[in-house]
Amino acid sequence: MNWQAVQITTQPEAIEAVSDILLRVGAEGVQIEDTAEVQVIAYFADDEQFPKVLAAIRADLDELAHFGIQAAPATMTVNGIAQSDWENNWKQYYHAQRITRHLTVVPSWEPFEPQQADEKPIVMDPKLAFGTGTHETTQLMMQALETVVRGGESMIDVGTGSGVLAVAARQLGVGPILATDIDDMAVAVAKENLALNPVAADIPVVASDLLADVTVAPVDLIVANILADVIARLIPQTIPLLKPNGYFLVSGIYDAIAPEIEQQLVSHGYHVVQKAQMGEWHSYIAKREETE
């Protein structure tokens, strides 16, 4: 079988939205190249359905502006490649990367040799989903987890994607974890990646629109590295599911929307403990203050 590489040129703040479009029309994964211009690349089977896939991608890209997402220039190019080249492309692009003091993302095909005794692997198959630990927002979230985790906490990972943050949290000592995603394919992807990490293999993954379908006792931590346009909708949903003095860790927030998200956190009773930034991306550690 031959494969077609679909490449979208876009803005940093639109990476996750464009990635979601490509995954929804059948891509098994996306590749991000953030150089002079941001390129989001995905691979599709070169069959009779491919023209329809391209039409759907183009239509969805054109709709992003209606949701306040600036994806320009949103140009799309297509190049045919053989399946063997497609598989090798992933393996050439992704290598083990130390993200924090304790956490290293390791592609599933590479052996892991820790450099220090407390270095922990997060084994991922980058073909499967966005969220391999290399994007700034994922790195910010791992750093935030290292800041607040003391061991034994309970946690919900909202919009888990590849499952990378759930694995990171478990490696840092978090106890019970529930991972969610709105997309059934993402749920399956996360389960596959969790199975690659024995320490995280018992983490359940469920389909839910943010926290709408989650019915668990309040937890110590809620983490979300998701599209900025849904974070405002998520914030009030976290309140009944977070213990007093619990932490909400959130990223996926670009420069233009950061002040609005911070205001939303404060208005819902959160105290912003820490703000961090990497490039144009922001993250927040917010604490739910206990009230009288």
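The residues of the chain are indexed from 1 along the displayed sequence. The structure presented is a predicted model; accordingly, all values stated were derived computationally and were not measured.
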Practice problem: Have a look at Leu221 and tell me which of Val174, Ile177, Leu242 forms a side-chain contact (heavy atoms from CB on, under 4.5 Å) with it. | Solution: Val174

Practice problem: Answer yes or no: is there a side-chain heavy-atom contact under 4.5 Å between Arg288 and Pro244? | Solution: yes

Exercise. Apply side-chain contact (heavy atoms from CB on, under 4.5 Å) to the pair His282 and Asp255, showing each step before the final yes or no.
Key: CA-CA 7 Å; His282 300 249; Asp255 282 336; 2.6 Å; yes

Quiz item: Is there a side-chain contact between Lys191 and Val189 (heavy atoms, below 4.5 Å)?
Solution: no

Quiz prompt | Heavy-atom closest contact (Tyr270 atom, Ala286 atom, distance) | solution = CD2-CB, 3.7 Å

Quiz item: Do you know the tightest heavy-atom contact between Gly29 and Ala42?
Solution: O-CB, 3.6 Å

Self-check item: Pair Gln171, Asn197: side-chain N/O donor-acceptor within cut-off below 3.5 Å
Solution: no

Quiz item: So do the side chains of Ile231 and Ile226 get within less than 4.5 Å of each other, counting heavy atoms only?
Solution: yes

Exercise. Start with the C-alpha gap between Thr138 and Met141, add the side-chain angles, then the distance that decides, and say whether side-chain contact (heavy atoms from CB on, under 4.5 Å) holds.
Key: CA-CA 5 Å; Thr138 315; Met141 290 295 287; 5.6 Å; no

Quiz item: Does any donor atom in the side chain of Asn193 or Ser162 lie under 3.5 Å from an acceptor atom in the other side chain?
Solution: no

Quiz item: Should Ile253 and Trp281 count as side-chain neighbours, where that means a heavy-atom distance under 4.5 Å?
Solution: no

Quiz item: Do Ile32 and Ile15 have side-chain heavy atoms sitting under 4.5 Å apart?
Solution: yes

Self-check item: Derivation of the side-chain contact (heavy atoms from CB on, under 4.5 Å) call for Tyr247 and Ile222
Solution: CA-CA 6 Å; Tyr247 289 97; Ile222 296 176; over 6 Å; no

Quiz item: Val6 versus Met76: any side-chain heavy-atom pair under 4.5 Å?
Solution: yes

Quiz item: Are the side chains of Met124 and Val106 in touch, meaning some heavy atoms are under 4.5 Å apart?
Solution: no

Quiz prompt | Any side-chain donor near an acceptor of the partner, Ser251 and Tyr284, under 3.5 Å | solution = no

Exercise. Write down the atom of Pro107, the atom of Ala96, and the distance for their closest heavy-atom approach.
Key: CD-N, 3.5 Å

Quiz item: Between Arg24 and Ile21, does a side-chain contact (heavy atoms from CB on, under 4.5 Å) hold up when you go through it step by step?
Solution: CA-CA 5 Å; Arg24 280 191 281 114; Ile21 287 171; 3.5 Å; yes

Self-check item: Given Val223, Leu249, Val164, Asn225, the one that forms side-chain contact (heavy atoms from CB on, under 4.5 Å) with Met142
Solution: Val164

Practice problem: Indicate the atoms forming the closest heavy-atom contact of Phe248 with Ile235, along with that distance. | Solution: CE2-CG1, 4.0 Å

Quiz item: Among Val214, Thr238, Asp220, which residue meets the side-chain contact (heavy atoms from CB on, under 4.5 Å) test with Ile156?
Solution: Val214

Exercise. Would you please say whether a donor-acceptor pair under 3.5 Å links the side chains of Gln39 and Gln7?
Key: yes

Quiz item: Of all heavy-atom pairs between Ser19 and Val40, which one has the smallest distance, and what is that distance?
Solution: OG-CG1, 3.8 Å

Quiz item: Is it true that the side chains of Glu146 and Thr100 contain a donor and an acceptor less than 3.5 Å apart?
Solution: yes

Self-check item: Contact summary for Asp181 and Gly161, nearest pair of heavy atoms
Solution: OD2-N, 3.0 Å

Quiz item: Are a donor atom and an acceptor atom from the side chains of Glu113 and Gln115 found within less than 3.5 Å of each other?
Solution: no

Return all side-chain donor-acceptor pairs below 3.5 angstrom for residues 202-212, not counting sequence neighbours, or 'none' if the list is empty.
| from | atom 1 | to | atom 2 | distance (Å) |
| --- | --- | --- | --- | --- |
| Asp202 | OD1 | Arg170 | NH1 | 2.7 |
| Ser208 | OG | Leu210 | O | 2.9 |
| Ser208 | OG | Asp213 | N | 3.1 |
| Asp209 | OD1 | Arg233 | NH1 | 3.4 |
| Asp209 | OD1 | Arg233 | NH2 | 3.4 |

